[in-house]
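Since the model is a prediction, treat every value here as computed from it, not as a measurement.
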Amino acid sequence: MPFLELLQPVTGLLELGGPVVALIAVLSIVALAVTLLKLYQFARERVGRTGSAERAVALWKSGRRQDAVHFLAHPVSAAEEAAVTAMHLSREEIARNEIEDEVQRIATLRLHRLQSGFRLLDAVSQVAPLLGLFGTVLGMITAFQELQNAGNAVDPSALAGGIWVALLTTAAGLGVAMPVSLVLTFFEARTEDERIAIETLTVAVLSNVSGTTDMAAVSPLPVVGRASHAH
C-alpha cells in the first residue's frame, strides 16, 4: 500500500479537526519523542534496578569491603554511584557529614538529569485536553452560527455533523493527554524508587562507619530532587 494511502486517515482527521487538531498532533509528536528519549535514558542508566547496588552493600556489611568496591567498579545507576562513593569515602576516614554532603551532591545531580523532560510531559498532559475543549467550543459556535443563518430551513443532519466534528477535538486532546499522563507517572515512580534506593543504601553503608551508632547517624539521607507530578 503506498505511503500516502497509509497517511490518508490521518490527513482526513486533520482536515476535519482543523488547526486545533493539528496543534494537538504536534504536541503528541513532541511527547512521543521525549518519551522515547527518556525510555532510552532510563534503560541505559538502569533506573529503578537496584540489584547490583544491594548486593554490593550486602558484601560491604558482611565485612567483604574490597569485594564490595570491586563489585561496583563501574557504577551505572545513580544508586550504584552513590553507594560506591560512600564506600570509598568511608574507607578514607572522612567525617560522616562530609560523606553525606558528597553523596547528596551526586544524587541531586543524577536525579535532576533523570527528571529532565518531566515538566514538558506534564505540560502536554494538561494542555492537550484544554486545546481539545477549546476546539469543541469553537466548533459549537460555528455550528450554531450556521443554524442561525439557515433560518427556517434547518437541516438536522448538517447540525449533527457540525457537533460531531466539534467533539472530535476533545476526543483528540484526551487521546493524547491520557497516555502521556500514564507515561509521566511511570517515569516519576521509577525516579522515586531510585531516590529511595540512594537513601537506604547510603545509610546502610555509613552505618558500618565507626562512631555512628546513634539514631541521628542512621537517619535517612536528605536527598533533594524528589519526583513530583505537577498536577
Legend entry - Worked check of side chain to side chain contact (heavy atoms under 4.5 Å, CB included) between Tyr40 and Leu36: CA-CA 6 Å; Tyr40 172 73; Leu36 293 177; over 6 Å; no

How long is the straight-line distance from [atom2] of [Y] back to [atom1] of [X], given to the nearest 0.5 Å?
X: Ser181; Y: Leu174; atom1: OG; atom2: CG; value: 11.5 Å
X: Met87; Y: Thr202; atom1: CE; atom2: OG1; value: 9.0 Å
X: Leu27; Y: Leu23; atom1: CG; atom2: CG; value: 5.0 Å
X: Leu184; Y: Gln126; atom1: CG; atom2: CD; value: 9.5 Å
X: Ile198; Y: Glu80; atom1: CD1; atom2: CD; value: 10.5 Å
X: Ile29; Y: Ile24; atom1: CD1; atom2: CD1; value: 12.5 Å

Note, [X] side chain near [Y] side chain (heavy atom, < 4.5 Å):
X: Ser207; Y: Lys61; value: yes
X: Phe118; Y: Asp122; value: no
X: Val30; Y: Leu120; value: yes
X: Asp193; Y: Thr50; value: no
X: Phe187; Y: Val47; value: no
X: Arg46; Y: Glu194; value: no
X: Arg190; Y: Arg49; value: yes

Inset, instruction - Could you tell me whether the side chain of Ser125 and the main chain of Val180 form a donor-acceptor pair under 3.5 Å? - result: no

Inset, instruction - Without swapping roles, check the side chain of Thr136 against the backbone of Gly132 for a donor-acceptor pair under 3.5 Å. - result: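 Yes, Thr136 side chain to Gly132 backbone: donor-acceptor pair under 3.5 Å.
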
For the residue pair [X] and [Y], what are the closest heavy atoms and their distance?
X: Ala79; Y: Ala197; value: CB-CB, 4.1 Å
X: Val205; Y: Ala83; value: CG2-O, 4.3 Å
X: Trp60; Y: Ser90; value: CZ2-OG, 3.2 Å
X: Ser28; Y: Ala25; value: OG-O, 2.5 Å
X: Phe42; Y: Thr191; value: CZ-OG1, 3.5 Å
X: Gly117; Y: Val34; value: O-CG1, 4.1 Å

Inset, instruction - Run through Leu89, Ile99, Val103, Leu201 and flag the one making a side chain to side chain contact (heavy atoms under 4.5 Å, CB included) with Leu206. - result: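 Result: among Leu89, Ile99, Val103, Leu201, Ile99 is the only option passing the side chain to side chain contact (heavy atoms under 4.5 Å, CB included) with Leu206.
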
Can you hop from [X] to [Y] via hydrophobic side chains spaced under 4.5 Å?
X: Val176; Y: Leu37; value: no
X: Phe144; Y: Ile141; value: no
X: Leu131; Y: Leu121; value: yes
X: Leu138; Y: Leu133; value: no
X: Leu111; Y: Leu39; value: yes

Inset, instruction - Tell me yes or no: between the side chains of Glu92 and His88, is some donor less than 3.5 Å from an acceptor? - result: no

Legend entry - Between Arg110 and Gln115, a side-chain donor and acceptor under 3.5 Å: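 No, Gln115 and Arg110 have no side-chain donor paired with an acceptor closer than 3.5 Å.
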
Legend entry - Full working for side chain to side chain contact (heavy atoms under 4.5 Å, CB included) between Gln66 and Arg91: CA-CA 10 Å; Gln66 192 65 30; Arg91 296 172 71 186; 2.7 Å; yes

